[in-house]
Amino acid sequence: MPVTTAALPAALTGQKLDWSACKAPVKADGMYAEKPGARWQCATLKAPLDYTKPGGETLGIALIRTVAKDSGKRIGSLLFNFGGPGGSGVAALPSGDDVIDKLGRTYDLVSFDPRGVAQSSGVVCRDDKAIAASHRVDSTPDTPAEQRAFMAASAAFGADCARRSGKVLPHVGTANTARDMDLMRQVLGDAKLHYLGFSYGTELGGVYAHLFPAKVGRLAMDGVVDPTADLARGTRNQAVGFQRALENYYKSRDIGAAEGTARTVRLLQRLDARPIAAGDGRELTEHMARTGIIQSLYSEEYWPYLTDALKAAEKGNGSELLALADMYTGRDEKGRYSTQDHAQRAISCADAASRPTAADVTSRHLADFTAASPVFGPYLAWDVAGWCADWPVDGAWEKPPVSAKGAAPILVVGTTGDPATPVEGAARMANGLGTGVGVLVTSKGENHGSYGFSKCATRLVDDYLLKGKVPRSGTVCSS
């Protein structure tokens, strides 16, 4: 865990936020860039750049809110983090207005760009041309020369981040964002923090609960990160999760898991040998095809698009799979890219202390990952070494600390078919939070998370956040 910090000065804990009409948010995730409606207000919170020097230099944390519709029954503020890491909460919160409308009756709904993201001193490492070039690097290197090229490209990314964003890189880790959240709580006037976190936002919520157990109010997690996994184990978990989702997709088409896997592997192998045309002078490579498949597995709503894209690619047309990959990488129609993955890498590598090498991949991980997932395993095994290769900042921990003895009950929701945060992680988070703290709910479904997808899970989360009703731990939702 990072060094214990000193108390914050009153100039920060007592600051008054200047809420005003929002401008169009920075396009940090490639999806939401429209100016929010009139009910949304924005402000900037001052927070220490370095929490070991709380009276020193500050950075601005961009916030967005809409006030409770029923002020007479207002509970307080409800803070959101939508995951990533690297996702812009300022951009995302208004886009989910229809799903969270019920919560907005008695809560001020609040989200933010975490430090290092978008309007909060967002990490930017490369321009669009360099980002596009990086997508052409073979991410499943088969020869020593390809392996050297992959590792060199990975190390170059960290060097680029240091050149462009070196000042903030040491300070963008999850623990500091959790401290920012507690500063938000104080400035917003809440005695306890009420929070709904998705995906990476569950890790952030767990770390907050560990640091500030006495300040936990109603805190819910959905799409839960496994806190017992280090970088390699967490990445392997994803290989298992995406393979499971792919097999469930093929089963929905009455295609056996082995047959569907083999079919996908054959397509990727052909693309590794020779990319295919994808329109507008672009090509579909193995890497981008896999990226498009990953994008499609986040929700079964995308499965029909995946069917069409795979059929087209097998016939030599890569445009549909490439369009799905562009959604994932945040590329717009003008060839401009989101920088969310820049922030994601910076935050992840500020956290993860382990630095696996290419030798670790070939000797320990590659065969294991490939056995877990012939489709995603080789790519994710190499990603373990490339992700933080020669990163200019040391990581804070091997595994995120989430024990929260004395905290109020925390709701933890896992989804059986979740590809990115496999369901097993939810039970490990509930256990890690501690006896009497973690309350586990399992939802049957094929999405990354359950809130807004499962009627049962959505109702349980709403009842918990709005009424303080804690479900029985071990509850299973089937719809």
Side-chain angles (χ1 to χ4, degrees), residues 2 24-33 44-51 56-64 81-92 111-135 137 153-181 199-201 203-204 207 231 328-332 336-353 355 383 386-397 400:
V26 171
K27 192 172 184 180
D29 57 12
M31 295 179 66
Y32 313 112
T44 300
L45 175 85
K46 289 184 179 180
L49 174 65
D50 183 346
Y51 269 93
E57 186 175 357
T58 63
L59 52 70
I61 304 296
L63 306 178
I64 189 168
N81 180 278
F82 296 95
S88 166
V90 172
S111 193
F112 62 106
D113 289 351
R115 54 175 57 216
V117 176
Q119 297 178 75
S120 299
S121 299
V123 172
V124 177
C125 303
R126 290 176 166 172
D127 60 21
D128 294 326
K129 184 178 180 180
I131 295 171
S134 71
H135 294 160
V137 176
S154 299
F157 187 89
D160 289 345
C161 292
R163 279 193 294 272
R164 291 188 176 217
S165 301
K167 182 177 180 179
V168 298
L169 289 186
H171 308 294
V172 297
T174 297
N176 282 336
T177 298
R179 294 184 177 101
D180 291 341
M181 286 167 50
S199 193
Y200 161 77
E203 179 178 330
L204 177 59
V207 171
L231 176 62
Y328 189 89
T329 60
R331 184 186 189 274
D332 67 15
R336 298 173 300 193
Y337 285 89
S338 159
T339 58
Q340 177 173 339
D341 65 326
H342 301 197
Q344 181 179 42
R345 205 149 161 180
I347 295 166
S348 297
C349 295
D351 286 346
R355 297 288 188 264
D383 198 49
W387 191 243
C388 299
D390 291 339
W391 196 257
V393 174
D394 291 336
W397 53 58

With rounding to the nearest 0.5 angstrom, report the [atom1] to [atom2] distance, [X] to [Y].
| X | Y | atom1 | atom2 | result |
| --- | --- | --- | --- | --- |
| Thr174 | Arg179 | OG1 | CZ | 11.0 Å |
| Arg164 | Asp127 | CZ | CG | 5.5 Å |
| Asp128 | Thr339 | CG | OG1 | 9.5 Å |
| Asp160 | Ser134 | CG | OG | 10.0 Å |
| Thr177 | Ile61 | OG1 | CD1 | 7.0 Å |
| Leu204 | Ser199 | CG | OG | 11.5 Å |

### Query
Are Phe157 and His342 close enough that their ring centers fall under 6.0 Å?
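Ring centres of His342 and Phe157 closer than 6.0 Å.
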CA sep, side-chain torsions, deciding dist, call: Asp180, Tyr51, side-chain contact (heavy atoms from CB on, under 4.5 Å): CA-CA 9 Å; Asp180 291 341; Tyr51 269 93; 2.6 Å; yes
Under the side-chain hydrogen bond (donor to acceptor under 3.5 Å, both in side chains) test, residues paired with Lys167 that sit two or more places apart =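 For Lys167, the residues satisfying side-chain hydrogen bond (donor to acceptor under 3.5 Å, both in side chains) (neighbours in sequence not counted) are Glu57.
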Taking [Y]'s backbone N and O only, do any of them form a donor-acceptor pair with [X]'s side chain (distance below 3.5 Å, no angle check)?
| X | Y | value |
| --- | --- | --- |
| Ser154 | Trp387 | no |
| Arg115 | His171 | yes |
| Ser88 | Asp113 | no |

For [X] and [Y], work out which heavy atoms get closest and say how close.
| X | Y | answer |
| --- | --- | --- |
| Ala352 | Leu231 | CB-CB, 4.4 Å |
| Gly89 | Phe82 | CA-CD1, 4.2 Å |
| Arg355 | Cys388 | CD-O, 3.3 Å |
| Val172 | Ala346 | CG2-O, 3.7 Å |
| Ala62 | Ser120 | N-OG, 2.9 Å |
| Val117 | Gly87 | CG1-O, 3.6 Å |

Would you say CG of Asp50 has more than 12 non-hydrogen atoms from neighbouring residues, nucleotides or ligands within 6.0 angstrom?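 More than 12 within 6.0 Å, yes.
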- Query: What's the verdict on side-chain contact (heavy atoms from CB on, under 4.5 Å) for Thr329 and Asp341, showing C-alpha distance, side-chain angles and the deciding distance?
  - Reply: CA-CA 8 Å; Thr329 60; Asp341 65 326; over 6 Å; no
Exercise for review: Would you check, one step at a time, whether the test side-chain contact (heavy atoms from CB on, under 4.5 Å) holds for Ile347 with Asp351?
Suggested key: CA-CA 6 Å; Ile347 295 166; Asp351 286 346; 4.2 Å; yes
Exercise. Would Ser348 and Tyr200 count as having a side-chain donor-acceptor pair, cut-off 3.5 Å?
Worked result: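 Tyr200 and Ser348 do not have a side-chain donor-acceptor pair below 3.5 Å.
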Between Arg345 and Cys161, is a side-chain contact (heavy atoms from CB on, under 4.5 Å) present by the stated rule, with each step listed? CA-CA 10 Å; Arg345 205 149 161 180; Cys161 292; over 6 Å; no
